[in-house]
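This report concerns only the one structure given below.
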Amino acid sequence: MVAKSPEDRLLDVVRGQLGYTEGPSGWTKFGAWWARRHNKPESWAYEPWCDMFLTWAAERAGLISVVGDSAWTPGHAQWFKDRGRWGHTPRKGAVIFFDWAGSRNIPAIDHVGIVEAVRSNGTIVTIEGNTSNRVMRRERSGLVAGYGYPAYSSTPAPKPEVTWTEEIVKTLPLLRRGSRGYDVKTLFYLLHARGMGLNGNIDDTVFGEPLEEALRAFQKETGLKADGECGPKTWPKLLRVD
């Protein structure tokens with residue numbers, strides 16, 4: 001008898017829960033299990049449970065180390081991304097994350113499930129917990145924020161998509177006080193476009209005090225370290241329309 005693949009083992013577990021419905025007060029066995037596992041208050045048994053269901057299933061399939069141990073969908077997605085296993089290509093066994101606003105912004109993720117199949121027309125068949133308060137099979141075609149690819153085997157994750165900003169950032173230098181040239185001009189006008197108070201009376205090809213102050217203000221406003229240097233963390237913030 002041929003042994004089942006890891007993803008099929010996980011899918012067998014989640015299929016076995018199809019139809020499970022939370023209690024009238026919102027209680028689920030998945031939340032109660034999570035509370036015991038992590039020494040959380042019993043109130044966790046009443047919390048939104050889509051991710052706790054997936055973690056519960058992964059533990060029973062012996063795959064929690066590659067699927068993740070999570071109750072919070074944005075944190076779970078970031079866990080995959082930090083491991084280089086995040087992308088936007090559906091495949092069987094992938095963990096599928098949704099943002100009901102339609103973005104691909106990880107902090108905005110609302111919901112999670114697992115991909116059971118990908119049809120030739122692009123429709124994605126999923127199994128999800130806490131959808132209409134139960135475990136259900138769904139057919140999805142949109143609002144997908146991305147996919148986490150568990151390391152089921154040596155098969156690599158799909159190559160991450162590279163955005164145009166990431167391609168540009170690779171070519172841009174580190175700029176700091178005293179830098180000169182056209183890259184400084186680019187920085188000047190990006191900060192000007194972001195309303196950082198620069199005007200035409202400043203030499204836009206020299207990185208001087210006004211430009212540094214504007215850059216520090218921008219970094220502080222966007223949650224970056226306000227070091228007054230424009231490098232690989234600051235350029236993407238300037239180039240993207242957030």
Side-chain angles (χ1 to χ4, degrees), residues 48 50-51 68-90 94-112 142-149 156-242:
C50 59
D51 214 5
D69 186 354
S70 180
W72 183 48
T73 51
H76 197 175
Q78 188 64 47
W79 183 86
F80 280 112
K81 187 170 185 180
D82 290 344
R83 286 157 178 76
R85 305 200 69 84
W86 175 257
H88 299 283
T89 303
V95 179
I96 182 170
F97 294 89
F98 300 92
D99 171 20
W100 302 140
S103 81
R104 289 184 171 182
N105 187 12
I106 284 179
I109 286 172
D110 300 296
H111 185 58
V112 68
L143 304 179
V144 179
Y147 299 88
Y149 305 109
K159 186 177 180 180
E161 296 176 359
V162 178
T163 66
W164 68 272
T165 52
E166 289 169 333
E167 289 288 357
I168 291 173
V169 166
K170 291 177 184 177
T171 70
L172 293 172
L174 173 66
L175 300 180
R176 54 167 64 96
R177 180 82 77 95
S179 297
R180 294 173 178 269
Y182 285 103
D183 290 317
V184 174
K185 185 186 285 283
T186 299
L187 173 60
F188 179 97
Y189 285 103
L190 285 170
L191 287 168
H192 176 72
R194 293 299 185 114
M196 291 295 111
L198 296 170
N199 57 59
N201 297 323
I202 302 169
D203 185 346
D204 59 16
T205 64
V206 178
F207 195 134
E209 183 177 354
L211 187 56
E212 182 177 322
E213 289 180 355
L215 180 59
R216 287 182 188 275
F218 173 78
Q219 289 172 323
K220 184 176 181 181
E221 183 179 284
T222 54
L224 296 168
K225 181 181 178 182
D227 58 9
E229 296 184 353
C230 190
K233 292 185 179 180
T234 301
W235 279 119
K237 290 284 188 180
L238 284 164
L239 289 164
R240 289 191 177 105
V241 180
D242 297 329

Determine the minimum heavy-atom distance between Tyr147 and Pro90, stating which atoms define it.
OH-CB, 3.4 Å

Decide side-chain contact (heavy atoms from CB on, under 4.5 Å) for Asp69 and Trp79; before the verdict, give the C-alpha distance in whole Å, the side-chain angles of both, and the deciding distance to 0.1 Å.
CA-CA 10 Å; Asp69 186 354; Trp79 183 86; over 6 Å; no

Residues Pro107 and Pro74: closest non-hydrogen pair is O-CG, 3.9 Å

Rounded to the nearest 0.5 Å, how far apart are CG of Leu238 and CG of Leu224?
8.5 Å

A side-chain contact here means heavy atoms from C-beta on lying under 4.5 Å apart; do Leu175 and Trp235 qualify?
yes

Spatial distance of atom CG (Leu191) from atom CG (Leu187) [nearest 0.5 Å]
4.5 Å

For Arg177, is the CZ atom crowded, meaning more than 12 foreign heavy atoms sit under 6.0 Å from it?
yes

Looking only at heavy atoms, what is the nearest atom pair of Ile106 and Ala77, with distance?
CG2-CB, 4.0 Å

Rounding to 0.5 Å, atoms NZ (Lys237) and SG (Cys230) come to a distance of 13.0 Å

Kindly give the heavy-atom pair with the smallest separation between Pro232 and Pro236, and that separation in Å.
O-CD, 3.1 Å

Interatomic spacing from CZ in Arg216 to NZ in Lys225 - rounded to 0.5 Å
10.0 Å

Once rounded to the nearest 0.5 Å, what's the spacing between atom CG of Leu143 and atom CH2 of Trp100?
6.5 Å

Heavy-atom check, side chain of Thr205 versus side chain of Arg180, under 4.5 Å:
no

Has the side chain of Gln219 got a donor or acceptor atom that lies under 3.5 Å from a matching backbone atom of Asp227?
yes

Between Phe97 and Thr73, the two heavy atoms sitting closest are CE2-O, 3.6 Å

Approximate separation, where rounding is to 0.5 Å, of Trp72 CH2 and Ile109 CD1
9.5 Å

Over all atoms of both residues, closest heavy-atom pair of Val184 and Phe207:
CG1-N, 3.7 Å

